[in-house]
Every structure is written in structure tokens, then in C-alpha cells.
Amino acid sequence: QVQLVESGGGLVQAGGSLRLSCAASGRTFSRYVMGWFRQAPGKEREFVSHITWSGGRTAYADSVKGRFTISRDNAKNTVYLQMDNLKPEDTAVYYCAGRQVGGVSIYGIDYDTWGQGTQVTVSS
């Protein structure tokens with residue numbers, strides 16, 4: 001089972017950009033479906049985006065579609081989330097998650113490996 005470590009969070013003004021990275025340990029990363037989720041204070045965790053093991057298919061929550069881009073580099077054991085045109089409502093702790101068995105999913109319960117999270121704060 002891989003272990004995941006997120007980085008790249010921070011404080012940014014509305015309209016700005018950030019790129020989150022999720023580095024995975026382990027040689028089976030390329031077999032994992034990967035997802036990004038976020039949790040804002042006082043709210044439930046929500047799906048942001050996912051990507052297949054090959055990177056050939058991606059999906060996004062409606063709230064981030066057109067602004068966020070997920071990608072992966074299996075040679076570097078890393079998945080990325082490029083976030084552009086950030087809005088204050090994007091403020092949350094962002095988590096990457098991996099799923100070894102099964103296809104892509106928008107449900108966090110389907111993922112079996114999680115990172116520790118990275119804080120993203122967007123000021124207005």
C-alpha cells in the first residue's frame with residue numbers, strides 16, 4: 001500500500017493559482033486510481049477530482065470544473081492538482097486519496113489510502 005504526502009497549499013488572493021502535489025511512496029502507485037477531496041471548516045468532505053491510473057480519464061466537481069486540472073506522473077509517483085482562478089469558497093484542507101482496487105469514484109469511502117492534507121486559503 002502506498003503512502004501519500006500532499007504539498008503546495010498556502011494563502012493566495014482570489015483569482016490566483018496554486019498547484020498541489022501528492023507524492024506517493026511504493027512501487028504500485030501506477031495501479032492506483034487517485035482522487036482529490038477537500039473539507040472546509042464546518043462542512044463535510046467533498047469530492048474535487050479524480051484520475052484513472054493511466055491518466056487517460058479525469059472528472060471534476062461542478063464547482064471546480066474549468067478552473068482545476070488534475071494530472072499525474074507515474075514515473076515520479078506524483079499526482080497534481082492545478083488550481084486556477086481560485087475563489088474564497090475554495091478555502092479548505094485538500095486531501096489526495098488512492099484506490100488500488102476498483103475504478104474511479106467520487107465517494108471518499110471508496111478510497112483506501114489518504115494523505116494528511118494541505119491547507120488552501122483564498123482571501124477575497
Side-chain angles (χ1 to χ4, degrees):
Q1 190 173 12
V2 299
Q3 292 183 329
L4 306 174
V5 178
E6 301 97 334
S7 62
L11 174 64
V12 64
Q13 288 188 332
S17 298
L18 284 173
R19 189 176 81 154
L20 305 184
S21 298
C22 174
S25 63
R27 292 177 289 180
T28 60
F29 171 77
S30 62
R31 302 176 187 174
Y32 276 67
V33 167
M34 298 298 297
W36 285 97
F37 293 77
R38 67 186 182 185
Q39 187 167 20
K43 295 187 177 181
E44 294 187 351
R45 183 178 59 195
E46 64 174 0
F47 166 76
V48 175
S49 180
H50 62 58
I51 187 168
T52 53
W53 66 269
S54 68
R57 284 194 298 130
T58 60
Y60 301 91
D62 287 343
S63 59
V64 307
K65 200 172 294 182
R67 300 187 297 120
F68 289 12
T69 304
I70 190 171
S71 62
R72 68 189 295 164
D73 185 338
N74 288 339
K76 295 183 178 180
N77 277 13
T78 303
V79 62
Y80 305 96
L81 186 68
Q82 176 67 39
M83 305 186 296
D84 298 319
N85 191 21
L86 282 160
K87 303 176 181 181
E89 51 263 44
D90 294 319
T91 294
V93 177
Y94 283 71
Y95 299 90
C96 70
R99 185 184 192 194
Q100 188 173 18
V101 179
V104 290
S105 172
I106 65 171
Y107 303 106
I109 196 171
D110 290 333
Y111 291 79
D112 44 46
T113 302
W114 291 81
Q116 83 289 348
T118 186
Q119 176 71 47
V120 171
T121 303
V122 184
S123 63
S124 56

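Note that the structure is a prediction, hence the values are computed from the model and not measured.
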TODO: Return the set of residues passing side-chain contact (heavy atoms from CB on, under 4.5 Å) with Thr58 (not counting sequence neighbours), or none when no residue passes.
DONE: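 Expected list: Ile51, Tyr60, Ile70.
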
Task: For Gln116, all residues meeting side-chain contact (heavy atoms from CB on, under 4.5 Å), sequence neighbours excluded - done: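 Result, side-chain contact (heavy atoms from CB on, under 4.5 Å) vs Gln116: Val5, Glu6.
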
Task: Partner set under side-chain hydrogen bond (donor to acceptor under 3.5 Å, both in side chains) for Thr121, not counting sequence neighbours - done: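 With neighbours one apart ignored, the set is Gln119.
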
- [ ] Please collect all salt bridge (Lys or Arg N to Asp or Glu O under 4.0 Å) contacts where either partner lies in residues 55-65, sequence neighbours excluded, each pair once.
- [x]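 Only Asp62-Lys65 qualify under salt bridge (Lys or Arg N to Asp or Glu O under 4.0 Å).
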
- [ ] May I have all residue pairs that pass salt bridge (Lys or Arg N to Asp or Glu O under 4.0 Å) and include part of residues 88-113, sequence neighbours excluded?
- [x]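 Matches after skipping sequence neighbours: Arg38-Asp90, Arg67-Asp90.
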
TODO: Taking ring pair (Phe, Tyr, Trp, His ring centres under 6.0 Å) as the test, write out the residues that go with Tyr32, two or more places apart.
DONE: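 Per chain and number, Tyr32 pairs via ring pair (Phe, Tyr, Trp, His ring centres under 6.0 Å) with no residue.
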
Open item on the list: Which residues pass the ring pair (Phe, Tyr, Trp, His ring centres under 6.0 Å) test with Tyr80, not counting sequence neighbours?
Closed with: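 Result, ring pair (Phe, Tyr, Trp, His ring centres under 6.0 Å) vs Tyr80: none returned.
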
TODO: If you link ILVMFWY side chains whenever their heavy atoms are less than 4.5 Å apart, which other residues fall into the same cluster as Val101? By chain and number, please.
DONE: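 Result for Val101 is none, singleton.
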
Open item on the list: If hydrophobic residues (ILVMFWY) are linked whenever their side-chain heavy atoms come closer than 4.5 Å, directly or via other members, who joins Phe47 in its cluster?
Closed with: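 Val33, Phe37, Val93, Tyr95, Val104, Ile106, Tyr107, Ile109, Tyr111, Trp114, listed by chain and number.
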
Open item on the list: The criterion is salt bridge (Lys or Arg N to Asp or Glu O under 4.0 Å); which residues satisfy it with Lys43, sequence neighbours excluded?
Closed with: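 If we apply the salt bridge (Lys or Arg N to Asp or Glu O under 4.0 Å) test to Lys43, skipping adjacent residues, there are no hits.
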
Task: Contact summary for Gly98 and Leu4, nearest pair of heavy atoms - done: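 Closest pair (atom of Gly98, atom of Leu4, distance): N-CD1, 3.7 Å.
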
Open item on the list: Testing the basics here: between Phe29 and Val79, what is the closest heavy-atom pair and its distance to 0.1 Å?
Closed with: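 Heavy atoms only, the tightest pair is CZ-N, 4.1 Å.
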
- [ ] Verify, without hydrogens or angle tests, whether Ser49 (side chain) and Ala59 (backbone) share a donor-acceptor contact under 3.5 angstrom.
- [x]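 At least one qualifying donor-acceptor pair exists.
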
- [ ] Sequence neighbours left out, what pairs pass disulfide (SG to SG under 2.5 Å) with at least one residue falling in residues 77-124?
- [x]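 For residues 77-124: Cys22-Cys96.
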
Open item on the list: Contact between Arg31 and Trp53 at the side-chain level, heavy atoms closer than 4.5 Å - yes or no?
Closed with: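 In short, these two side chains do not touch, never coming nearer than 4.5 Å.
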
- [ ] First locate atom CZ of Arg72, then atom CG of Asn77, and finally report the distance between them rounded to the nearest 0.5 Å.
- [x]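 Answer for the CZ-CG pair, Arg72 versus Asn77, is 9.0 Å.
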
Pairs of donor and acceptor atoms involving the side chains of residues 8-21, under 3.5 Å and at least two apart or interchain, shall be tabulated with distances.
| unit_1 | atom_1 | unit_2 | atom_2 | d |
| --- | --- | --- | --- | --- |
| Ser17 | OG | Asp84 | OD1 | 2.8 |

